[in-house]
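As structure tokens, the structure follows; a few thoughts come after it.
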Amino acid sequence: MAFETIIVEIEDHVAVIKLNRPDALNALNTQLLGELCSALEDADGNDKVRCIVVTGSDKAFAAGADIKEMSEKGFVGVFFENLFARTNDRISAIRKPIIAAVGGYALGGGCELAMMCDFIIAADSAKFGQPEINLGVIAGMGGTQRLTRYVGKSKSMDMNLTGRFMDADEAERAGLVSRVVPAKKLMDEALGAAQKIAEKSLLTTMAAKEAVDRSFETTLSEGILFERRVFHSMFATEDQKEGMAAFLEKRQAQFRDK
Ligand code: CAA
């Protein structure tokens, strides 16, 4: 499928999806969000892909939902369109691991998109924020919910109420991002992490993602029960036999996703 607002490249089992509306700092309009969801779903269903990286430009991962597109809309319009909730649902349904490689601005929907990925690797240039409050609205793609789970109530309230930006170091201290690297090394770091994930059994990386995600949806005892069931089920796979045999034989495991 030909895309106009994103660029997709697949190499060495990693799909890289680059948001590409440079004139609007990758603002997330209807077309871009539709293309992004389609590309993620394509990658999820593509046997050659074992991990996905979503990224933007040096200046902006994404500066939020497209304000020009939104500005004319009324309640009834956004109610029936439901663009951001539909996007949230489609991205949340992706089962393969997704890394967000964030340089520059990740604001509003951009921050929310990064948080929908499984983890965030940030360039030292990254700036995160939920500045919707300045526009007379609140976050609409998970910013009041996911940011609170990532960084706790106090910082989430601060970000959502003042609209201030958080730099990469603060984001790392707060637990929003997993690593911060010099801007020039962002893609090397993200691709290196994606490659590490791609080397594992896809069965196992998808199960691990499902189990960690479960922790956001349930109590600790239910989550532990879910983990136990998935852990036990892994012993029905050839990859468990291979992984453990390879360790004992002091060689590299050859996983076959079986
Ligand atoms: N939507 C549409 N266009 C945007 C945009 C956005 N979110 N962010 C930037 N742009 C456009 C600007 O309008 C400008 O276009 P023109 O050259 O045609 O005027 C171009 O991108 C460059 O932007 P700036 O000139 O503003 O660049 P800057 O370096 O001076 O400032 C910035 C950068 C601080 C990110 C600033 O652009 C900004 O504050 N952007 C808006 C951030 C924002 O409020 N995001 C939240 C959106 S609402 C939302 O996301 C809802 C939700 O939860 C789903």
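Note that these values count all heavy atoms, side chains included, but never hydrogens, waters or copies made by symmetry. Every number for a ligand or one of its atoms is a count from 1 in the order of the listing. Numbers here are sequence positions counted from 1.
Between Phe79 and Phe75, the two ring planes are tilted [angle within 30° to 60°]. Under the 30°/60° scheme for interplanar angles, the aromatic rings of Tyr150 and Phe216 are found to be tilted.
Taking 4.0 Å as the cut-off, Met70 counts as a neighbour of ligand 1 on heavy-atom distance. Ligand 1 has Lys59 within reach: a non-hydrogen atom of the residue lies less than 4.0 Å from it. For the pair Val137 and ligand 1, no heavy-atom separation below 4.0 Å is found.
Below 3.5 Å of separation, one finds no N or O of Gln130 facing any N or O of ligand 1. At a 3.5 angstrom cut-off on N or O pairs, Ile138 does not count as close to ligand 1. Considering backbone and side-chain atoms alike, Gly108 places every N or O at 3.5 Å or more from each N or O of ligand 1.
Paired with Leu36 under the rule side chain to side chain contact (heavy atoms under 4.5 Å, CB included), one option of Thr87, Leu19, Leu28 passes, and it is Leu19.
Atoms of ligand 1 found under 4.0 Å from any heavy atom of Glu132, numbered from 1 in the order shown, are 48 (S), 49 (C), 50 (O), 51 (C), 52 (C), 53 (O). Close contacts of ligand 1 with Leu135, meaning ligand atoms under 4.0 Å from a residue heavy atom, involve 44 (O), 47 (C), 48 (S). Ligand 1 places these atoms under 4.0 Å from at least one heavy atom of Glu112: 52 (C), 53 (O), 54 (C). Which parts of ligand 1 touch Gly140 is read off a 4.0 Å heavy-atom cut-off, strictly below it: atoms 52 (C), 53 (O). In the vicinity of Leu107, heavy-atom distances shorter than 4.0 Å reach the ligand 1 atoms 35 (C), 42 (C).
Counting protein heavy atoms under 4.0 angstrom from atom 39 (O) of ligand 1 gives zero. For atom 8 (N) of ligand 1, the nearest protein heavy atom lies closer than 4.0 Å. Distance check on atom 31 (O) of ligand 1: every protein heavy atom falls at or beyond the 4.0 Å cut-off. Per-atom contact check: atom 54 (C) of ligand 1 touches the protein, criterion being a heavy-atom distance below 4.0 Å. In this structure, atom 43 (C) of ligand 1 is in close contact with the protein, since a protein heavy atom lies within 4.0 Å of it. Inside a 4.0 Å radius of atom 19 (O) of ligand 1 there is not any protein heavy atom. When distances from atom 49 (C) of ligand 1 to the protein are checked, a heavy atom turns up under 4.0 Å.
Taking the side chain as every heavy atom from C-beta outward, Met141 and Arg146 never approach each other to under 4.5 Å.
Protein heavy atom at the shortest distance from atom 36 (C) of ligand 1 is Leu25 CD1, 4.7 Å. The closest protein non-hydrogen atom to atom 3 (N) of ligand 1 is Ala27 CB, 4.1 Å. Counting only heavy atoms of the protein, atom 14 (C) of ligand 1 lies nearest to Asp23 O, 4.3 Å.
Between Asn88 atom CG and Ser92 atom OG the span is 4.0 Å, to the nearest 0.5 Å. Lys185 NZ to Arg179 CZ: the interatomic distance, rounded to the nearest 0.5 Å, is 13.5 Å.
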The test is salt bridge (Lys or Arg N to Asp or Glu O under 4.0 Å); show your working for Arg164 and Glu170 and say whether it passes.
CA-CA 12 Å; Arg164 80 171 174 89; Glu170 184 182 359; 2.7 Å; yes
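Other residues, nucleotides and ligands place more than 12 heavy atoms under 6.0 Å from the NZ atom of Lys241.
At a heavy-atom cutoff of 4.0 Å, ligand 1 is contacted by no atom of Leu28, backbone or side chain. Residue-level proximity to ligand 1 for Ala65 is carried by backbone and side chain together, each with a heavy atom below 4.0 angstrom.
Remark: among candidates Ala60, Ala24, Ala63, the nearest residue to atom 45 (N) of ligand 1 is Ala63, based on non-hydrogen atoms.
Using a 4.0 Å cut-off between a side-chain N of Lys or Arg and a carboxylate O of Asp or Glu, Glu41 and Arg90 qualify as a salt bridge.
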